Structures are given as C-alpha cells and as structure tokens.
Amino acid sequence: MEIEKEKSLNFIEQIIEKDLEEGKNEKRVHTRFPPEPNGYLHIGHAKSICLNFGLGKQYNGKTNLRFDDTNPTKEEDEYVNSIIEDVKWLGFQWDGEICFTSDYFQQLYDWAVQLIKEGKAYVEEQSAEEISAQRGTPQMPGTFSPFRDRSIEENLDLFDRMRLGEFENGSKVLRAKVDMASPNMQMRDPVLYRILHAHHHRTGNKWCIYPMYDFAHGQSDYLENITHSICTLEFENHRPLYDWFLDQLASGDRPQQIEFARLNLNYTVMSKRKLLELVEGSYVSGWDDPRMPTISGLRRRGYTPESIRNFADRIGVAKRDNVIEVSLLEFILREHLNKITDRVMAVLKPIKLTITNYPEGEFEDIELINNPEDEQSGSRIAPFGRNIYIEQDDFMIDAPKKFFRLSPGREVRLKGAYIIKCEDYKTDENGNVIEIICTYDPATKSGSGINRKVKGVLHWVSAEKSIDAEIRLYDRLFNDEDPMGHKDADFKEFLNNDSLKVLTNCKLEPSLATAKVNDKFQFQRLGYFCVDTDSTENNLVFNRTVSLRDSWAKKRK
RNA sequence: UGACCCAUUGUGUAAAGGUAGCACUACAGUUUUUGGUACUGUCAGUCAAGGUUCGAAUCCUUGUGGGUCAACCA
C-alpha cells in the first residue's frame with residue numbers, strides 16, 4: 001500500500017488531505033454510505049460504497065452504514081436486508097452499529113421545535129399546489145405564504161398537534177423560513193416535516209410526521225460525527241440548505257458535503273424506477289436476474305466482488321458526467337476470472353464424433369491442467385474413448401483456409417489427448433451433419449514428446465461418461481448504448497430479444513458433477529460460467545458470466 | 001430567461017503555470033496444446049476566441065455545448 005504512494009489523488013482525496021493538513025475535525029476522516037431502503041442496490045451504488053468505505057480505510061478513518069428511512073410509504077425491511085447483504089458481499093464492514101435516520105426522529109423533532117421557537121420555522125396550511133405556485137420560478141422570486149408570520153405560540157401548538165395526529169395527511173407541513181427570493185429554489189422556504197399516517201418499518205406507529213431528506217440528512221451526518229458527506233451531483237443545489245440547517249443547529253465540527261458524478265454504464269439503465277419497471281413487467285426474472293445491473297444480479301451472473309471493487313477503482317471519481325463502456329467492466333471481470341478459475345471442458349451444442357481406430361468399450365484417463373495461470377491449481381482426470389462429443393461450430397464441410405478446426409481431410413488436436421483426422425461424416429435426410437468420423441494417431445498423445453504441430457485444438461467430452469446440464473447464455477439486456485437517450489421511444493423498445501438463450505442437453509466433463517452453486521469455471525474456448533442458484537443435483541444449471549474474447553468471431557464478419 | 005456545476009484521443013481518468021501520460025476500445029503483430037492469456041506496436045485529445053505570462057490543459061474574460069434545480073421523494 002505504501003509503495004504506490006505516487007498515485008495521483010482524485011478531487012475528494014485532495015480535499016481530505018487538505019483538511020487533514022489544516023487539522024480539521026481533529027484530523028479524523030469519517031464517511032458514510034446512506035441508502036434509502038426502497039429498492040435493490042445496483043452497480044452505481046457500488047461506486048459510492050467503494051468510494052466511501054475506501055476513503056474510510058485509506059485514511060484510517062471510519063465509515064457508517066446508514067439507512068435513510070424518512071419515508072415510511074416506500075421503505076421496507078426486505079430492502080434493508082438485501083442492502084446489508086450486498087455491502088457485505090462487496091467486502092466492506094461498517095464501523096459500529098448500523099445506523100438509521102429514524103433513530104434520530106426525536107432529536108430532529110426537538111430541533112424543529114427549536115427552529116420554531118427562534119422564529120425560523122412555521123406551520124403551513126396551504127395545499128402542495130398552492131405552495132408550489134408561490135414558490136415562483138428560477139427566474140421569478142417566490143411570494144410569502146399567508147401563514148409565514150404566525151406567532152411562535154401558534155406554530156408550537158400546531159406542530160405539536162401535527163405530531164399528536166390531529167390532522168390528516170397533506171393538511172399541514174412545517175416549513176423553514178429561509179429566503180423566498182433566493183435564486184436557489186431549494187432555499188425558498190423548504191418543507192421540513194410532512195404528515196404521513198403510515199406504518200414505519202422501524203418506528204411503527206410512533207410517529208405520524210416525518211422529516212424531509214433535507215432536514216434529516218445533514219443533521220444525521222452531524223450526529224454521527226461524519227466529516228465528509230459524499231453524495232452525487234444532483235444534490236449540489238442542496239448544499240447551501242445543508243449548511244443553513246447546520247448553521248442554525250450545530251456547533252463544533254461539522255460535516256461537509258462533497259458531490260461527485262454518478263456512474264453511468266452503456267447498454268443498460270441504472271435508475272431504480274426503470275429497473276423496477278423491468279421487474280414488474282416481467283422483462284427479467286427479478287431483481288437478481290443475471291442481466292440486471294443490480295449487485296444481486298451481478299453476483300448471480302458470476303461477477304466477483306474483487307472485480308467490482310477493482311472496476312470502481314479504475315473508473316475514477318470526478319465531477320463531469322460520464323458514461324463508462326461495459327467493455328471495461330467485462331475486461332476487469334475476465335482479468336480476475338482468468339486468474340482464479342479452473343479450465344474445464346463443456347460442449348454446449350454437441351455433435352457425435354467417432355474415432356474408428358480406437359477400440360470399442362475402452363477408455364483411458366487424460367490428465368488436464370486446471371489453470372495454467374495458477375501453478376497451485378494442479379490437474380484432474382477426464383475419460384477419453386472412441387465416442388466423444390465436440391462443438392457443432394468446430395466442424396465445417398466446406399471450410400475456408402483460415403478455419404483452424406475440423407473439416408474433411410483436416411487434422412486437429414483434441415485438448416490434452418490426441419491428434420485426429422476427419423475421414424468422413426454422416427448427414428440426416430435434411431443434409432444436417434449428425435456424426436463425424438475420424439481416426440486418431442496413437443503416437444500423438446499429449447505429453448508424449450511428439451512434436452507435430454496442428455493449427456486447431458478442440459475441447460471435447462466423452463459421449464458415454466459426460467454429464468448433462470442446462471446452460472443459460474446471457475448477453476446484454478439492451479441493443480442500444482443509451483436506451484434512455486431517445487425522446488420519442490420508450491427504453492423498453494431497445495431490449496435485446498436475444499439477451500437470454502437457454503441451452504439444454506449440454507455435455508460436461510464428469511468432474512463437474514460435484515459443482516456447487518456459485519462455483520466458477522472457465523469452459524475452455526467458450527467463456528466463464530458459474531453454477532446458478534436454480535441448479536440442483538439432478539439438474540445442473542450454469543450461467544455464462546462472460547464470454548472469452550473471440551478474435552475468430554470478429555474475423556468471420 | 002435565474003442560480004449552481006461541468007468541458008483533455010471513441011470511452012474513462014491523470015498532469016496543482018514547465019515533455020499532454022495511463023487504462024479500456026479499435027487495428028496490426030509475436031508467443032501459445034484455449035482463435036483465451038501474456039507481450040509488442042499503430043491510430044487518436046486539451047470546446048472556441050481573446051487576455052495574463054518567458055511559458056497556459058491549468059489563471060482571467062467572453063462565448064459555445066452539456067448537466068442540475070421550481071415533490072408534502074431521496
């Protein structure tokens with residue numbers, strides 16, 4: 001860690017190091033990750049998680065996990081649990097207990113009362129529409145509410161009765177008296193509290209008034225001794241208000257809000273609302289559908305936490321809007337999977353191949369290296385015999401010169417085994433090839449020292465001893481780089497109809513019989529695959545996490 | 001039309017007034033019992049115009065382009 005001291009700092013690290021130099025906050029660094037528990041986390045959240053927890057670790061500081069649960073109508077324990085699981089899975093541990101904004105409801109209420117007593121807040125009785133109309137426009141100053149100059153006593157009484165449940169939803173709100181003429185719309189007497197007769201996932205029915213985000217967030221940061229409150233760019237305009245509340249209510253060290261540009265990825269959508277639409281419309285199987293950009297989706301797809309952390313690290317942090325290419329994510333994924341997964345042989349679209357000069361009913365053990373990238377990984381045995389399966393794509397009747405695979409009269413090596421020559425093939429009545437007839441050269445067994453070069457090396461499995469599996473081939477969910485970027489078209493019009501292909505009767509080498517859910521492999525020459533959560537002992541199911549780079553596929557086009 | 005923010009190869013991100021670098025992508029090649037990996041190379045950039053300076057991606061001005069803001073959402 002100390003060695004890579006030369007690494008340049010992003011703008012947040014620069015701010016932190018300057019604060020440290022100046023001795024701010026007793027030289028503490030304390031960040032927080034503050035999701036609202038109203039949905040599942042996605043890879044955009046992962047960027048924020050890695051940023052906040054990363055900074056905490058980097059500066060020997062702390063990082064809190066706080067659920068921003070100020071809106072009981074949208075929030076549920078189900079989401080709390082999934083968020084906790086995702087943060088842990090990504091490899092992070094928060095300091096102290098998990099925090100909830102709802103833990104501070106009493107303090108927030110007391111602060112609101114304090115503002116009223118100081119003449120800085122008032123109870124508003126107009127409708128949302130009227131308030132909105134009076135707020136003016138960015139170009140036009142707003143006008144005062146007729147309730148703005150109520151007496152402190154009346155405000156106190158009304159606010160207390162709001163809390164006691166005397167009023168209906170929407171009938172009253174508490175507003176701060178800030179500046180109706182501010183060019184910043186956030187400052188035009190923002191709402192502090194609204195009435196919501198709703199069950200809260202943690203406080204139950206104790207409260208029927210709930211603080212708004214702006215009144216809760218900065219103060220929660222302050223209460224938790226947060227030093228750097230990092231959020232996304234859309235809160236930039238809220239910062240003056242964030243500071244205004246703290247000016248009124250805080251003393252001593254105060255958190256500072258810093259905004260960064262959220263992550264955008266091409267060929268997907270990232271907003272919770274759109275993802276929900278995909279789930280509810282059954283365009284995907286759920287929040288953890290392997291095509292979803294959710295953490296749970298990526299996990300099921302076969303992504304590793306390391307790869308996601310590494311991705312977050314490499315995309316950097318800045319303030320300009322950005323769209324990251326998925327190819328970078330995939331590169332980083334492959335980079336990790338290449339190092340950690342065993343190579344195995346699986347035939348997705350099998351075709352029979354018979355070696356006529358190999359004795360019938362006989363088998364031999366073929367030793368295969370598990371992972372050439374990892375000497376520790378050792379080797380395993382696969383059975384070889386007269387009848388095997390190879391990939392349909394690896395045979396062509398009239399093959400071009402650059403086709404390094406099997407074709408009548410040509411030779412290839414079977415990975416780890418022998419060189420074979422295609423002597424003939426059989427077709428059905430429609431002309432489809434149904435069997436390939438070959439001979440093998442017994443002198444060419446792998447490791448025998450014979451130095452005969454052939455261009456092609458094919459993967460294969462024993463016909464009799466292979467096992468069956470279902471394999472799900474996933475591709476990008478959208479055909480369009482920016483599904484949301486079309487004014488006249490709904491994003492769902494750009495869904496990729498081929499984003500999932502289910503293959504059954506795939507043939508796997510027998511060593512895979514013991515594979516457990518989540519186990520990851522490289523299927524030689526095909527890609528990286530993992531065992532899906534749907535998999536059972538009698539029905540193995542694999543997901544394709546990502547294909548291998550395929551320069552042959554490119555050449556064919 | 002107001003306020004705030006942003007602008008560096010196709011993409012992302014560095015260079016804190018002093019050689020525009022790194023990664024991905026694309027393309028070429030070497031190695032290879034994976035058309036994988038690894039390695040090498042090629043293409044390609046400071047939004048524009050002024051100003052300050054010996055010197056500007058960096059500072060200033062103006063313009064242009066993009067983003068955010070007018071929920072009792074966060």
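Being a predicted model, the structure only gives us computed values, none of them experimental. Order of the sequence lines fixes the chain letters, A, B, ..., with proteins taken first and strands second; residue numbering starts at 1 for each chain.
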Heavy atoms under 4.0 Å, any strand shown: does [X] hit a base, just sugar-phosphate, or nothing?
| X | result |
| --- | --- |
| F235(A) | base |
| R314(A) | sugar-phosphate |
| G456(A) | nothing |
| V454(A) | nothing |
| N184(A) | nothing |
| F331(A) | sugar-phosphate |
| S446(A) | base |
| F403(A) | base |
| V191(A) | sugar-phosphate |
| M212(A) | sugar-phosphate |
| L548(A) | base |
| R405(A) | base |
| R239(A) | nothing |
| A128(A) | base |

Inset, instruction - Assert yes or no for the condition that the ring centre distance of H238(A) to Y242(A) is strictly below 6.0 Å. - result: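 No, the ring centres sit 6.0 Å or more apart.
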Inset, instruction - Assert yes or no for the condition that the ring centre distance of Y418(A) to F384(A) is strictly below 6.0 Å. - result: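 So the answer is yes for these two rings.
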[N] versus [M] - spacing of their [atom1] atoms, nearest Å:
| N | M | atom1 | answer |
| --- | --- | --- | --- |
| G21(B) | G35(B) | C1' | 33 Å |
| G18(B) | G29(B) | C1' | 37 Å |
| G10(B) | U46(B) | C1' | 16 Å |
| U9(B) | U1(B) | P | 28 Å |
| G67(B) | C47(B) | C1' | 16 Å |
| A14(B) | G45(B) | C1' | 13 Å |
| A28(B) | U33(B) | P | 23 Å |
| A26(B) | A74(B) | C1' | 40 Å |

Interatomic distance where [atom1] belongs to [X] and [atom2] belongs to [N] [whole Å]:
| X | N | atom1 | atom2 | result |
| --- | --- | --- | --- | --- |
| L406(A) | G35(B) | CG | P | 14 Å |
| M345(A) | U33(B) | CE | C1' | 11 Å |
| M180(A) | A70(B) | CE | P | 14 Å |
| L233(A) | G67(B) | CG | P | 13 Å |
| N370(A) | U33(B) | CG | P | 19 Å |
| N338(A) | U32(B) | CG | P | 18 Å |
| K319(A) | U58(B) | NZ | C1' | 17 Å |

Inset, instruction - Look through every strand shown and name the nucleotide pairing with C4(B) as Watson-Crick or G-U wobble, where both distances are under 3.5 Å. - result: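 Base partner found: G67(B).
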Legend entry - Any-strand Watson-Crick or G-U partner of U61(B), both distances under 3.5 Å: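 Answer to the pairing question: A49(B), which forms a Watson-Crick or G-U pair with U61(B).
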Classify the side chain of [X] versus the base of [N] as yes if they form a donor-acceptor pair under 3.5 Å and no if they do not.
| X | N | value |
| --- | --- | --- |
| R525(A) | U34(B) | no |
| S327(A) | U25(B) | no |
| R334(A) | G36(B) | no |
| E335(A) | U37(B) | no |
| N237(A) | U68(B) | yes |
| E325(A) | G10(B) | yes |
| E373(A) | G36(B) | yes |

Inset, instruction - Determine if the base of A28(B) is syn or anti; take syn to mean the glycosidic torsion is within 90° of 0. - result: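 You should classify A28(B) as anti.
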OP1 or OP2 of [N] versus the side-chain N and O atoms of [X]: is any pair under 4.0 Å?
| X | N | value |
| --- | --- | --- |
| R273(A) | C73(B) | no |
| T70(A) | A74(B) | yes |
| R413(A) | U32(B) | no |
| K554(A) | A26(B) | yes |
| S551(A) | G36(B) | yes |

Inset, instruction - Using modelled atom types only, decide if a donor and an acceptor are shared between the side chain of H201(A) and the backbone of E76(A) within a distance under 3.5 Å. - result: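 Checking the backbone N and O of E76(A) against the side chain of H201(A), no donor-acceptor pair under 3.5 Å is found.
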Inset, instruction - Answer yes or no: is there a donor N or O on one side and an acceptor on the other, between the side chain of D86(A) and the main chain of I295(A), under 3.5 Å? - result: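 Flag not set: sc D86(A) to bb I295(A) has no pair under 3.5 Å.
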Mind telling me whether [Y] and [X] have parallel, tilted or perpendicular rings, with 30° and 60° as the class edges?
| X | Y | result |
| --- | --- | --- |
| Y40(A) | W287(A) | parallel |
| Y193(A) | Y109(A) | perpendicular |
| F523(A) | F529(A) | parallel |

Legend entry - Earlier contact from the 5' end, RNA chain B, for G447(A) and V317(A):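 Whichever sits nearer the 5' end wins; that is V317(A).
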Legend entry - G136(A) or H238(A), whichever maps to the more 5' nucleotide of RNA chain B: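 The residue closer to the strand's 5' end, by nearest nucleotide, is G136(A).
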Legend entry - Cationic tip of R476(A) above Y267(A) ring, under 6.0 Å, 45° of axis: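 So R476(A) does make the cation-pi contact.
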Inset, instruction - Indicate the atoms forming the closest heavy-atom contact of A198(A) with Y210(A), along with that distance. - result: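 Scanning both residues completely, I find the closest heavy atoms to be O-OH, 3.3 Å.
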Legend entry - Ring-base stacking, W552(A) with G35(B) (5.5 Å, 30° cut-offs):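 It does: the two rings, one from W552(A) and one from G35(B), meet the stacking criterion.
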Inset, instruction - Taking the side chain as every heavy atom from C-beta outward, state whether R262(A) and D321(A) have any atom pair closer than 4.5 Å. - result: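 The answer is no, as the side chains (C-beta and beyond) never meet within the 4.5 Å cut-off.
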Legend entry - From U34(B), C24(B), A70(B), nucleotide with atom closest to T137(A) side chain: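 It is A70(B).
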Legend entry - Selection from C73(B), U34(B), G12(B) that lies nearest to any side-chain heavy atom of V457(A):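 Closest of the options to the side chain of V457(A): U34(B).
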